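This report concerns only the one structure given below.
Hydrogens, waters and symmetry mates play no part in the numbers below; they use all other heavy atoms, side chains included. We name chains A, B, ... by the order of the sequence lines, and we start the count at 1 in each one. If you're wondering where the values come from, they're calculated on a predicted model, not measured in any experiment.
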Amino acid sequence: MTKINSYWLMKSEPDVYSWDDLVAEGEGTWDGVRNYTARLNLRAMQVGDEVFFYHSNIGVEIVGIAVISQEGFQDPTDETGRWTSVKVKPVRKLKRPVTLKEIKADPALAEMELLTKFRLSVSKVTEAEWNHVLALAGG
DNA sequence: GCCAACGTTGGC
DNA sequence: GCCAACGTTGGC
């Protein structure tokens with residue numbers, strides 16, 4: 001059975017939770033999301049889906065690739081039971097980070113949800129966009 | 001630190 | 001159910 005994976009992008013402020021924090025921890029719980037659109041994405045995620053790890057505020061760039069290690073469970077920081085978390089594991093750091101500036105400057109990436117829904121903390125990435133960003137990162 | 005974008009809340 | 005006020009996010 002072939003499993004078709006999806007691609008995502010998750011934002012984190014590096015002074016709160018950085019790529020290095022994720023690597024140090026080995027596995028991170030993506031909790032605290034309180035936005036319905038982001039929740040839709042969290043619930044659509046499947047184990048094995050790959051995720052760009054993006055640093056907002058400081059750096060403002062995609063720094064690494066992570067993978068969903070546990071899909072859709074109730075957010076442990078939520079008392080109402082309405083919100084969803086996933087767990088992620090680091091896969092590898094990009095050879096070279098891809099900055100928001102570069103993404104904005106690239107016509108092939110103009111439709112990325114990172115740009116069109118920039119306030120969304122968890123967004124979708126198409127396969128074409130995924131491959132394009134990887135190419136920019138030098139593999 | 002400022003401000004624009006936009007999601008959420010609550011009064012009516 | 002509309003919409004104004006408010007709060008939060010995130011780039012600069």
Checklist entry - Does A:Tyr36 put a side-chain nitrogen or oxygen below 4.0 Å from OP1 or OP2 of B:dC6? => result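 Looking at the OP1 and OP2 atoms of B:dC6, neither is under 4.0 Å from any side-chain N or O of A:Tyr36.
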Checklist entry - Under 4.0 Å between a side-chain N or O of A:Lys104 and OP1 or OP2 of C:dC12? => result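 True: A:Lys104 side-chain N/O within range (under 4.0 Å) of C:dC12 OP1/OP2.
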Roughly how many Å is it from [atom1] in [X] to [atom2] in [N], rounded to a whole number?
X        : N      : atom1 : atom2 : result
A:Asp15  : C:dG10 : CG    : C1'   : 12 Å
A:Lys117 : C:dG10 : NZ    : P     : 15 Å
A:Arg39  : B:dG7  : CZ    : P     : 15 Å
A:Tyr17  : C:dG10 : OH    : C1'   : 20 Å
A:Met112 : C:dG11 : CE    : C1'   : 16 Å
A:Leu40  : B:dG7  : CG    : P     : 13 Å
A:Ile58  : C:dT9  : CD1   : P     : 15 Å
A:Glu61  : C:dG10 : CD    : C1'   : 15 Å

Item to check | Base B:dT8 to side chain A:Arg34, donor-acceptor N/O within 3.5 Å cut-off | outcome: no
Item to check | Residues A:Arg96, A:Glu102: salt bridge by 4.0 Å N-O rule | outcome: yes
Checklist entry - Does A:Asp75 pair with A:Arg82 as a salt bridge, N-O distance under 4.0 Å? => result no
Checklist entry - Heavy-atom count around A:Gln74 CD within 6.0 Å, excluding the residue itself: above 12? => result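 Yes.
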Item to check | Proximal nucleotide (of C:dG10, B:dT8, C:dG11) relative to the A:Val60 side chain | outcome: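 Taking heavy atoms from C-beta onward, the closest nucleotide is C:dG11.
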Item to check | Side chain of A:Arg119 - closest among C:dT9, C:dG11, B:dT8 | outcome: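 Of all the options, the side chain of A:Arg119 is nearest to C:dT9.
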Item to check | Position toward the 5' end of DNA chain B (nearest nucleotide), A:Asn57 or A:Thr116 | outcome: A:Asn57
Next on the checklist: I'd like to know if the side chain of A:Ser12 reaches the main chain of A:Tyr17, judged simply by a donor and an acceptor atom lying under 3.5 Å from each other, with no hydrogens or angles considered.
Outcome noted: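 Confirmed, A:Ser12 side chain pairs with A:Tyr17 backbone.
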Checklist entry - Is a donor on one side and an acceptor on the other found under 3.5 Å between the side chain of A:Glu50 and the backbone of A:Tyr7? => result no
Checklist entry - Contact class for A:Lys11 vs. all strands (heavy atom < 4.0 Å): base, sugar-phosphate, or nothing? => result sugar-phosphate
